Amino acid sequence: MIKRLGSRESWLRSREVHEMVITENMVASAKAAVPTVTDQAAAMQLSQCAKNLATSLAELRTASQKAHEACGPMEIDSALNTVQTLKNELQDAKMAAVDGQLKPLPGETLEKCTQDLGSTSKAVGSSMAQLLTCAAQGNEHYTGVAARETAQALKTLAQAARGVAASTTDPVAAHAMLDSARDVMEGSAMLIQEAKQALAAPGDADSQQRLAQVAKAVSHSLNNCVNCLPGQKDVDVALKSIGESSKKLLVDSLPPSSKSFQEAQSELNQAAADLNQSAGEVVHATRGQSGELAAASGKFSDDFDEFLDAGIEMAGQAQTKEDQIQVIGNLKSISMASSKLLLAAKSLSVDPGAPNAKNLLAAAARAVTESINQLITLCTQQAPGQKECDNALRELETVKGMLDNPNEPVSDLSYFDCIEGVMENSKVLGESMAGISQNAKTGDLLVFGECVGVASKALCGLTEAAAQAAYLVGISDPNSQAGQQGLVDPIQFARANQAIQMALDCSKTLVYTANLVKTIKALDGDFSEENRNKCRIATAPLIEAVENLTAFASNPDFVSIPAQISTEGSRAQEPILVAAKTMLESSSLLIKTARSLAINPKDPPTWSVLAGHSHTVSDSIKSLITSIRDKAPGQRECDFSIDGINRCIRDIEQASLAAVSQSLATRDDISVEALQEQLTSVVQEIGHLIDPIATAARGEAAQLGHKVMQLASYFEPLVLAAVGMASKTLDHQQQMTVLDQSKTLAESALQMLYAAKEGGGNPKASHTHDAITEAAQLMKEAVDDIMVTLNEAASEVGMVGGMVDSIAEAMSKLDEGTPPDPKGTFVDYQTTVVKYSKAIAVTAQEMMTKSVTNPEELGGLASQMTNDYGHLALQGRMAAATAEPEEIGFQIRTRVQELGHGCIFLVQKAGALQICPTDSYTKRELIECARAVTEKVSLVLSALQAGNKGTQACITAASAVSGIIADLDTTIMFATAGTLNAENNESFADHRENILKTAKALVEDTKLLVSGAASSQDKLAQAAQSSANTITQLAEVVKLGAASLGSDDPETQVVLINAIKDVAKALSDLIGATKGAASKPADDPSMYQLKGAAKVMVTNVTSLLKTVKAVEDEATRGTRALEATIEYIKQELTVFQSSEVPEKTSSPEESIRMTKGITMATAKAVAAGNSCRQEDVIATANLSRKAVADMLTACKQASYHPDVSEEVRERALRFGTECTLGYLELLEHVLLILQKPTPELKHQLASFSKRVAGAVTELIQSAEAMKGTEWVDPEDPTVIAETELLGAAASIEAAAKKLEQLKPRAKPKQADETLDFEEQILEAAKSIAAATSALVKSASAAQRELVAQGKVGAIPANAADDGQWSQGLISAARMVAAATSNLCEAANASVQGHASEEKLISSAKQVAASTAQLLVACKVKADHDSEAMRRLQAAGNAVKRASDNLVRAAQKAAFGKAEDDDVVVKTKFVGGIAQIIAAQEEMLKKERELEEARKKLAQIRQQQYKFLPTELREDEG
């Protein structure tokens, strides 16, 4: 049962490893395709399916990880069972083959099975090498993983081996294949068994030796299995033959040649031609059937043997020993190049899809040709120029294969490097062709040969650049898929392995290892058989290491992915390839023609042929350059995309115009939720493409077209979704926001495309890179803006799909391969993860509360949780990568992913509850989800604690100490207020011993804490917890001791509590330093910080002990308090002088305000020094602590304000330091006076206080400099004037607003003409109010102009003069404000029917009069031609016009009312006389009232005239 469970888990893990990447790519592709699907139903279904698949994938990953945790140790047994089963299956297949019953399965062919077996053999070798390494290191987890991968690779190998055996027609070959495969299975089973035993006994030498021997046997069996493939054995035979033939070159002396030089030269030339032709046949055979390669490799081996004999014969013709050695050296180079060619051919035939294999084969063939050419050049003596032509023809024939099918890169050249290479080589070729023709005519054949060589090299360079350019053009087509470079190149490893093997076989190696140096030196001194054997034995470990490395490099995870060029891409390649092939053909004909002309330059027809070939070469090169330039990658796509986005921008503009005119047609075929989801999806995809496009535009031309077309495809869906969403939005402002932000995004994308087109992917076009970066940043900002708008709109209606996607994406990144190099330690990431975890827990609790009280606020909380989890996942990934051991990191990742699932469920429930706030069932589910999130947060925290218990305990302890410090601050407040009393009748003596004992225990804890930084996490955790508990106890007993002193002596109480507070702060710093220094080396800077923090801790504990002992001694407790304060200030100054930036900033005013405390404390210190009373000294000590600490904090926070310059900051910090140092000297002098009071010392107190006062003055000036030019003196009369002007303007505006709210009183309709008078009153009053408001503001601007011109000082020297002017301006402004207020009241009363028109007229005239006074006050010192004065005059005229209009309207109404009043005259005589008498009485009464009113007005004016400034009196006079 256990084995079955382990096997099932192993199968699950193996399938998950293989399919997880495929599924993730499918999800990403589906999400990217959603915005481009025009069918709305299909798009929504695809989007939902992609989300469901992503969720299921995350759940599968979690389940797989849990299964792995449960069954991990059983993986080795499961793999062993699998291999045993495969062995039995192969045995059954062998029996079926013997009976002739072995048949291929459906779909199996010989070629397919051969390729499968060849490619799988690399995976088997790689996984076995990993298994060997992990078992040797004793890592059980990775050994199990490697065993599982080995078993899966062997399963594929066994299936391929069976298919080869069933498909071949040769029974012997089939039996050999099955036998070798069974040997592989048997050896692999032994290897896995030995690995299991090695894990049981790690470090056992015998076990390690057996493991190595079994691994070597398995590697040998695997090679035999591969060699059983058709054609492979023949290639191995050819390689072995070349190696045996090459041993002829190792003899000390060569036999003399028996042939003439001409015969030897002729044979060498013929052998060289045959070998070069055979090399081409080998290259061609790799593309055909397996039998072709066998025949081609055999022929190549035979031709090599003949060539080697001819070369040795030619070496025998050498006249000197040096020439002979040179020939032999060239023959060895040819031997090495031939072996590399066969090795590359073998690798390609086994795995035709291997990355870069075709290019390596072509390069090996070129190396053979070049080696042959070098030997021919050295050995032959032909007519000058002939051998150069032959060499050139061989080289051109070799490079021609590059142009056959350029679907792989042939070099590392970029597209623009290819253009430069073509231009440079074409220039060289043109010059060399002219040289060939010229020197052939003149007969200078030596120079002719040199020109031919240069032309050959230029043609090879042109061909290579053309092939690379064609490849880049092909993969740049949007329908093509570019290849991906692997981590390592296994072919290069294999070639290096072959080179080392051959060198060691020849015993000529330069491997500088400790084990080989002596044997190589001995071999070099005495080339005997004994020394050769010793060297062979010494090189065995090297060979084994190289073989293991080569096998490991063959892991499929490391290989590259070849490109897939589309049909359109192939068509784009054709012009380049045709031009390059024409160039090579015509160049070969030209060189052949030139070779004949070099022998017979007097042949006119041949010269005509040469000219024709030269013309063809020139035309083909021009065509090549034109074709490459016309096919520049990405340019056509950029133009197409720019046109498309321009059309989209026009569509958005049309929609915006329609929205403005309220004629935007509503889309009825889709819901607003679906449109919002579509818009969010497309904006996210656009955001994902910004960085890839910028990268491609700066240096990856081949990728530019792909990314640009992908970007452009999203803008049509963007416009459709944005316009549709706007059409369904009722709020006009929100409509325009969506359309405007969509347009901004499209415009920023357009700018990005223009910049990308100009950059073109050219890394050398650095002048365009800044524009690309700027455009990318603008585009990112546009994406962020529209995403904020969409998320806000979504959260308001309960749409949480985007949040769920964000959480799922963050979860998927937790398993994304190797994280970037960590910039911090585990402690740093642990602290951050704890912070975000707690924030998520707090948010979950708030969501529980809001679900009952305010469900509409759940959207914002869900968004906050989404953001927090994104940060948590990022930091959690880094924490898992830096955690030790690795199992802890795995656990952290798992717990963070589980928390992600909980957050998704909670966010979904929040969205559902927003849609239906009254659903009680959903509320209960939300509460359950919130509780689950809280529990999973605790699991994350426990995983972090398991990873680093010590640092986590430090974090917890630091938090506890921070709470203690806050509690002590509260206690100090109670003590200062005189309310800290003991509960019982206790004395301080009752607590002294307890305080001393607890303080000593804290010292011991401090020692353990410091030592814990360099020890285990468990010890560090114990020390941190113990120190937190001890400081808690110490704080409690000190508080009890302080309370026992009684509230009659609050200063002493504060001294004692300050002492324990200093200890708590020092402990907090020490815990932080310990956390930072944990697991660091002794020379790390954090260790020095730890030592400094420990020293401060000891100092503060010592100070506490001294304070405790001196508390009851009235003669010394003041002195003790002062000493403690001096030490405290020194520590605060150290913090102030550190480079650490404060967490928050404050205003310069705060810094200035805090200097008052220093001034008060200085006076207090001087008084205490003069009186020498202990009570005064204690009060000074307590006051000094707070004053200096507050000043330093405020000064540093103000200095680091963003608006403060570096120069002003340095100045403020310098004077803050000087002020503190001066105050310290003052306190130390007071301390000296207390110890030795003399009049001379007391007399010196004044000088110390003056130094402090000077530093405070400088500090205040520095703070004023921080404010800049906006600083003013609040006592300045000019400032007062401006303030009053602005206040008057504010009151006028308030009055105007009041008028706006007034409505005429309702009255019955009557047939008279005065119905509109009340409307006229209100309008006129409103006009006056607006005009006076503008007037006062203009006066304020004029006053500012006077200050700027210097006519009125900002801080006036003659306060009386300018102050008098300012008072005139102030009084005038107040009069305007008061008059306007009266006008508004009169208008209100008149409208309501409670006042007469005369009162309204009087108020309006008063406004006009006060306006005139304000104008006079401003004109006194102003420049009459200034802009401010002109505005002031215009405003005054507006007030006058508005007042006149109101007066005329009121007078007209009053006159009309008088005319319309009908007087009813009584007809009776007596009644008529009485009526006349009453009228005369009323007239006399009114005349008397008028006279009294005039006198009263004159008195008022006389009184006001006395207070007017001189300028106003003269002007009125």
Side-chain angles (χ1 to χ4, degrees), residues 276 279-280 283-284 287 341 344 356 358-373 388-433 436 451-475 563 565 570 572-592 594 613-614 616-631:
N276 193 65
V283 173
H284 181 73
R287 305 169 190 159
L341 173 64
N356 213 27
K358 294 179 181 178
N359 288 333
L360 291 174
L361 181 62
R366 288 179 63 185
V368 172
T369 302
E370 290 173 358
S371 301
I372 293 174
N373 288 344
E388 286 83 357
C389 290
D390 292 338
N391 291 345
L393 291 172
R394 278 192 290 269
E395 289 179 349
L396 295 183
E397 186 66 25
T398 303
V399 300
K400 190 182 296 184
M402 288 185 181
L403 303 174
D404 290 341
N405 187 20
N407 57 357
E408 292 183 358
V410 298
S411 66
D412 294 331
L413 296 177
S414 68
Y415 177 81
F416 297 95
D417 292 335
C418 291
I419 293 178
E420 292 182 4
V422 168
M423 297 297 294
E424 292 174 0
N425 284 308
S426 62
K427 182 178 179 181
V428 173
L429 180 60
E431 295 174 353
S432 59
M433 285 172 59
I436 290 173
C451 290
V452 170
V454 172
S456 175
K457 297 299 181 187
L459 285 167
C460 290
L462 280 167
T463 305
E464 183 177 338
Q468 178 69 5
Y471 167 76
L472 294 174
V473 168
I475 64 171
I565 297 178
S570 298
Q573 289 178 330
E574 287 180 3
I576 299 175
L577 298 177
V578 169
K581 289 178 180 178
T582 304
M583 175 193 70
L584 281 180
E585 292 172 359
S586 56
S587 298
S588 299
L589 295 174
L590 183 146
I591 291 175
K592 290 179 181 178
H613 292 322
S614 177
T616 304
V617 171
S618 299
D619 289 345
S620 62
I621 291 177
K622 292 178 182 177
S623 176
L624 176 64
I625 295 174
T626 303
S627 300
I628 294 178
R629 283 181 170 171
D630 290 345
K631 301 296 182 181

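All residue numbers in this chain count up from 1 along the given sequence. Everything numeric here is computed off the predicted structure, so don't read it as measured data.
Under the 4.5 Å side-chain criterion, counting only non-hydrogen atoms from C-beta, K427 is not in contact with M423. The closest side-chain heavy-atom distance from L589 to T616 is not below 4.5 Å. Here the side chains of I591 and H613 are not in contact, with every heavy-atom distance at 4.5 Å or above. For the pair V399 and E464, the minimum side-chain heavy-atom distance is 4.5 Å or more. Taking the side chain as every heavy atom from C-beta outward, I565 and Q573 approach each other to under 4.5 Å.
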Worked check of side chain to side chain donor-acceptor pair (under 3.5 Å) between T398 and T369: CA-CA 7 Å; T398 303; T369 302; 2.9 Å; yes
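M583 and V617 make their closest contact through O-CG2, 4.3 Å (heavy atoms, listed as atom of the first residue, atom of the second, distance). Closest approach of V473 to K631, counting heavy atoms only: CG2-O, 3.5 Å. Heavy-atom minimum distance, L413 versus L472: O-CD1, 3.9 Å. Taking each heavy atom of S588 and L393 in turn, the nearest pair found is O-CD2, 3.6 Å. Here the shortest heavy-atom pairing between A470 and L577 reads CB-CD2, 3.8 Å. In plain terms, the two heavy atoms of A465 and V422 that are nearest each other are CB-CG2, 3.8 Å.
T582 places a side-chain N or O within donor-acceptor distance of the main-chain N or O of V578, the cut-off being under 3.5 Å. No side-chain donor-acceptor contact under 3.5 Å links E388 to the backbone of G453. A donor-acceptor pair is defined here as one N or O able to donate and one able to accept, closer than 3.5 Å; no such pair exists between the side chain of S456 and the backbone of V452.
Between E397 and K400, at least one side-chain N (NZ, or NE/NH1/NH2) sits under 4.0 Å from a carboxylate O, which counts as a salt bridge.
Enclosure of atom NZ in K592 is not indicated, since only 12 or fewer non-hydrogen atoms of other residues, nucleotides or ligands lie within 6.0 angstrom.
Expressed to the nearest 0.5 Å, how far CD1 of I621 lies from CG of L429 amounts to 4.5 Å.
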